[in-house]
Amino acid sequence: MTLMSIRNTPRAATLDDAADLGRTLARAFADDPMMCWFFPDETTREEGLTRYFSTIFTRQYGRHGFCERTDLAASFWVAPEAQAKAVPDAETIAELTDILGDTAPLFREAVEAAAEHAPPEEHWYLAVVGADPAGQGQGHGAALLRSGLARADAAGLPVYLESSKESNLPFYEHFGFTVLGEAQLPGGGPTLWVMRRAPRA
């Protein structure tokens, strides 16, 4: 096994990883249209994103999701039986409101708008996957994606995700996702592409 394959082999993410994952995902999403919309100030964006991702991991996905990491990437998935729990509670909303500041109302509207496109069928949900730019092109994101998709396939269930970065669509399409539609976020926000992948035997 090469050093590269060791570094990009998925392993379970624990709550102790929160700070490290927050930094990794902050760098991964530094140019993401939706995250740039939520954190418009470039001088404080990385700090805000680090706190944001650490918080949603610690309070939501790390407790109720299936979360994995490599040395330079992370993914947060939610199985169907956990989706009712993996939503922000009042304390999480208060913490995110503090982190987001003036854009907190936009965030709430965006979450509500995205929820309208939630599929009625039982499914796995890919909430977050991202690789530090230092690790992009080295198979980190692909390894995490394959790992989660294998679990959904084993359950015979489709997978859904939303992406606000059009250039990422071919990456997901390579793994069998198709675009179901587009959602324009309220308040002049970016476009979200809703994608689905059918289960494979």
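Computation of the quantities below employed the complete heavy-atom set of this structure, encompassing side-chain atoms and omitting hydrogens, waters and symmetry-equivalent molecules. In this chain, residues are counted from 1 in sequence order.
- For the residue pair Trp124 and Ala155, the shortest heavy atom distance occurs at NE1-CB, 4.3 Å.
- Counting only distance, with no hydrogens or angles, the side chain of Thr58 and the backbone of Thr55 share no donor-acceptor pair below 3.5 Å.
- One distance of note links SG of Cys36 with NZ of Lys165; it measures 8.5 Å at 0.5 Å rounding.
- Note that the CZ atom of Arg51 and the CD1 atom of Ile56 stand 13.5 Å from one another [nearest 0.5 Å].
- The environment of Gln184 atom CD is dense: over 12 non-hydrogen atoms of other residues, nucleotides or ligands sit within 6.0 angstrom.
- Here Tyr125 pairs with nothing under the ring pair (Phe, Tyr, Trp, His ring centres under 6.0 Å) rule; sequence neighbours left out.
- Side chains of Ile99 and Phe39 form a contact here, defined as non-hydrogen atoms less than 4.5 Å apart.
- Each of Val78 and Met195 belongs to its own hydrophobic cluster when Ile, Leu, Val, Met, Phe, Trp and Tyr are linked at side-chain heavy-atom distances under 4.5 angstrom.
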Please step through side-chain contact (heavy atoms from CB on, under 4.5 Å) for the pair Leu145 and Leu126, ending with a clear verdict. CA-CA 9 Å; Leu145 201 53; Leu126 175 54; 3.5 Å; yes
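- A 6.0 Å sphere centred on CD of Glu121 holds more than 12 heavy atoms belonging to other residues, nucleotides or ligands.
- Note on Val111: it clusters hydrophobically with Phe38, by side-chain heavy-atom contacts below 4.5 Å among ILVMFWY residues.
- Note on ring orientation: taking the six-membered ring where Trp is involved, the planes of Phe53 and Phe29 are tilted (angle from 30° to 60°).
- For the pair Asp71 and Arg11, the minimum side-chain heavy-atom distance is below 4.5 Å.
- Contact of the Leu157 side chain with the His123 side chain is not registered, since no non-hydrogen atoms from C-beta on lie closer than 4.5 Å.
- Criterion: ILVMFWY side-chain heavy atoms under 4.5 Å apart, direct or through other members. Under it, Leu25 and Phe171 are not part of a common hydrophobic cluster.
- With contacts defined as side-chain heavy-atom distances shorter than 4.5 Å, the pair Leu192/Ser163 does not qualify.
- Leu149 and Phe76 fall into different hydrophobic clusters, defined by Ile, Leu, Val, Met, Phe, Trp and Tyr side-chain heavy atoms under 4.5 Å apart, directly or through other members.
- Asp98 places no side-chain N or O within donor-acceptor distance of the main-chain N or O of Glu95, the cut-off being under 3.5 Å.
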Checking side-chain contact (heavy atoms from CB on, under 4.5 Å) for the pair Ser164/Asp32: CA distance, chi angles, key distance, verdict? CA-CA 7 Å; Ser164 68; Asp32 180 85; 3.0 Å; yes
May I have the step-by-step check of salt bridge (charged side-chain N to carboxylate O under 4.0 Å, His left out) for Asp20 and Arg69, ending in yes or no? CA-CA 10 Å; Asp20 189 31; Arg69 63 169 302 181; 2.4 Å; yes
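- Trp77 approaches Leu144 most closely through the heavy-atom pair CZ2-O, 3.7 Å.
- The side chain to side chain donor-acceptor pair (under 3.5 Å) with His140 is formed by just one residue from the set Thr24, Asn8, Asp132, Thr70; it is Thr70.
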Applying salt bridge (charged side-chain N to carboxylate O under 4.0 Å, His left out) to Arg197 and Asp153, what does each step give before you reach the verdict? CA-CA 10 Å; Arg197 178 187 179 273; Asp153 286 342; 2.8 Å; yes
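- Cluster annotation: Leu185 and Val128 are assigned to the same hydrophobic cluster (Ile/Leu/Val/Met/Phe/Trp/Tyr, side-chain heavy-atom contacts under 4.5 Å, transitive).
- Smallest separation of non-hydrogen atoms from Arg200 and Gly176: NH2-CA, 3.3 Å.
- For the pair Arg63/Leu15, a side-chain contact is recorded, criterion being any heavy-atom separation below 4.5 Å from C-beta on.
- Contact of the Pro40 side chain with the Thr103 side chain is registered, since non-hydrogen atoms from C-beta on lie closer than 4.5 Å.
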How far apart are the C-alpha atoms of Phe177 and Val159, what are their side-chain angles, what is the distance that settles it, and do they pass the side-chain contact (heavy atoms from CB on, under 4.5 Å) test? CA-CA 8 Å; Phe177 285 89; Val159 178; 3.8 Å; yes
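- Pro10 and Ala143 get closest at one heavy-atom pair: CG-O, 3.5 Å.
- Residues Phe107 and Tyr52 have side chains in contact (heavy-atom distance under 4.5 Å, counting atoms from C-beta outward).
- Inter-residue side-chain proximity for Pro133 and Arg27 is flagged as met; some heavy-atom pair is nearer than 4.5 Å.
- Here the shortest heavy-atom pairing between Thr50 and Ala26 reads OG1-CB, 3.3 Å.
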Would Leu96 and Arg59 satisfy side-chain contact (heavy atoms from CB on, under 4.5 Å), going step by step from the backbone distance to the final call? CA-CA 11 Å; Leu96 291 175; Arg59 301 193 62 88; over 6 Å; no
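- A pairwise comparison of heavy atoms in Phe66 and Ser147 identifies CZ-OG, 4.3 Å as the closest pair.
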From CA spacing to verdict: side chain to side chain donor-acceptor pair (under 3.5 Å), Thr43, Asp41: CA-CA 5 Å; Thr43 63; Asp41 187 343; 2.6 Å; yes
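- Interatomic distance, CG of Leu21 versus CD of Glu68, reported as 11.5 Å (0.5 Å rounding).
- One distance of note links CD of Gln83 with NZ of Lys85; it measures 12.5 Å at 0.5 Å rounding.
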